[in-house]
Amino acid sequence: ASMLLKITADDYNPYGLIIGNDASSVVETDGLRFYVGNDGLGYISSYAGGAADNLILQDIGGNVGIGTTEPGELLHVSKLAHADDVTVYVQNTGYTDGAVARLLLGTKGTDGNVYQGAIVNDPDGAAGSRLLFQTSPNASTLTTNMVLNKNGNVGIGTTTPDSTLTVVGKIHATSTTEQLRLTYDLESSKYASFTVGSDGDLTIDLADATATTTFSDNLAVLGYLNVEGNATTSGSHYVGKDLTVDTDTLYVDSINNYVGIGTTGPGQKLEVTGKILAHDATTVQSQGIYLYADTGPRGHLEAQGGTY
C-alpha cells in the first residue's frame, strides 16, 4: 500500500501539521498541532500562545496522557489545580427514557468471556439523578446491586430505598467483639451494642447505665431470657405492654396490673392456676407449704414434711 500523506518536521516546521482557526492565526504557535516530538511521543495539542500540550500519545504501550507527558496507564489525566477540581465529565444530553451516562468496565474471565461492571448516572424521577452500581452474573447481563438515590438513600438489593440505608437480604457482620452499634448521633455516648459470642449468645449492652430497653409491642422469647438490671422505667429493661412467657407460664396484664401464672386471664393482682409451694433453700423440694384449690369450692393449705 502506498502512503497517502506524509508530513515531516524540520527546523522551519517543528510541529508537523498545524491547523489554525483563521488566516490571522500565528500558525507557529496558535491552533491545533499534530506532531511527534524528539522524545518519540505523539502530541495532539490545542495551543494558544503559551498553553501546555494537552493530549500525548505514547509510542510504547499505547498509553494516552491528558495534561501529562508521562502517562502511566492507558488513560492518565493530570492537571495542576491548586484552587480548582480535576474533573472527568461524561454527559448524555438525551432526555428520553433510558438515556443514561455510563462508565463501563470489562474483564475477561478464565472461561474466555468478558464480564462487565458499570457505574450508571440514571434519571431519578422528573428531577434529579441516582447512581446505579451494576455487576454481571453472566457474560450477557448487567444487574443493579446497589443504588444511591437523589435523596442520599442507599439501597442494597433494592432500587427504591426509603431510608438512609435499605437492605433487602441478609446482613452478615463479623467481629469478635461488637457486631452492631446503634447510637443517637455521631458524637453521642448514648448507644446500644449488639454482640454475638462464640457460644452463639446475643448480648445487648446499653452504654449508659440508666438507659432503658423498651419493647413497645409484643415480645416473643422462644428460649431462655436472662435480664440483668432493673426492670423499671429508669433501669435497664422496661416492657411497656403485656408480657407473655411460654403462652401461659407467666402473663402480665399491663392494663389492669394483674399477673397470671398458668393462666393468660388473671382476675386478681396475682392468680395462679395450680399449686403454690413455699419452702426454704435447705428443704427437700416436695416438702413445704402448699396452697391450692381442689375441684370443689374449698381451698387447701397443706404442710408436707417436717413440723409446722
Side-chain angles (χ1 to χ4, degrees), residues 15-22 25-27 29-37 39-108 114-136 141-166 186:
Y15 301 118
L17 175 62
I18 301 176
I19 302 175
N21 61 346
D22 56 39
S25 295
V26 182
V27 296
T29 57
D30 297 344
L32 186 61
R33 307 187 307 186
F34 299 82
Y35 66 98
V36 177
D39 51 11
L41 299 178
Y43 290 80
I44 302 176
S45 175
S46 177
Y47 195 86
D53 296 311
N54 299 108
L55 181 62
I56 294 91
L57 307 179
Q58 196 175 59
D59 59 339
I60 300 177
N63 294 342
V64 176
I66 300 178
T68 176
T69 59
E70 298 179 350
E73 302 294 340
L74 288 176
L75 176 61
H76 185 166
V77 180
S78 178
K79 178 182 180 182
L80 180 61
H82 294 297
D84 198 1
D85 297 331
V86 177
T87 303
V88 177
Y89 189 24
V90 178
Q91 181 184 15
N92 187 339
T93 57
Y95 54 86
T96 58
D97 291 341
V100 301
R102 176 181 285 110
L103 176 62
L104 188 62
L105 309 173
T107 302
K108 179 177 282 189
V114 176
Y115 296 93
Q116 297 177 337
I119 301 176
V120 179
N121 186 42
D122 182 52
D124 191 1
S129 66
R130 60 180 182 172
L131 287 179
L132 309 180
F133 297 85
Q134 301 177 332
T135 58
S136 55
T141 304
L142 277 172
T143 301
T144 299
N145 295 308
M146 186 170 70
V147 62
L148 173 63
N149 71 11
K150 63 183 179 183
N151 298 317
N153 294 340
V154 176
I156 300 177
T158 176
T159 57
T160 57
D162 56 3
S163 302
T164 302
L165 176 62
T166 302
L186 291 177

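Treat the numbers as computed from the prediction; the structure is a model and nothing was measured.
Considering only heavy atoms from C-beta on, L142 comes within 4.5 Å of L104 through its side chain. No side-chain heavy atom of T160 sits less than 4.5 Å from a side-chain heavy atom of V147. I156 has its side chain out of reach of P161: every pair of non-hydrogen atoms, C-beta onward, lies at least 4.5 Å apart.
Residues meeting the side chain to side chain contact (heavy atoms under 4.5 Å, CB included) test with D124, sequence neighbours left out: R130, N149, K150. Evaluation of the side-chain hydrogen bond (donor to acceptor under 3.5 Å, both in side chains) rule for T143 yields no partner, not counting sequence neighbours. By the side-chain hydrogen bond (donor to acceptor under 3.5 Å, both in side chains) test, S136 is found to be paired with no residue, residues two or more places apart in sequence or in another chain being considered.
Screening V120, N121, I119 for a side-chain contact (heavy atoms from CB on, under 4.5 Å) with L132, the sole residue that qualifies is V120.
For the pair T166 (side chain) and S163 (backbone), a donor-acceptor distance under 3.5 Å is present.
Interatomic distance, Y115 OH to T135 OG1, rounded to the nearest 0.5 Å: 12.5 Å. Taken from CD in Q116 to OG1 in T141, the straight-line distance is 10.0 Å, to the nearest 0.5 Å.
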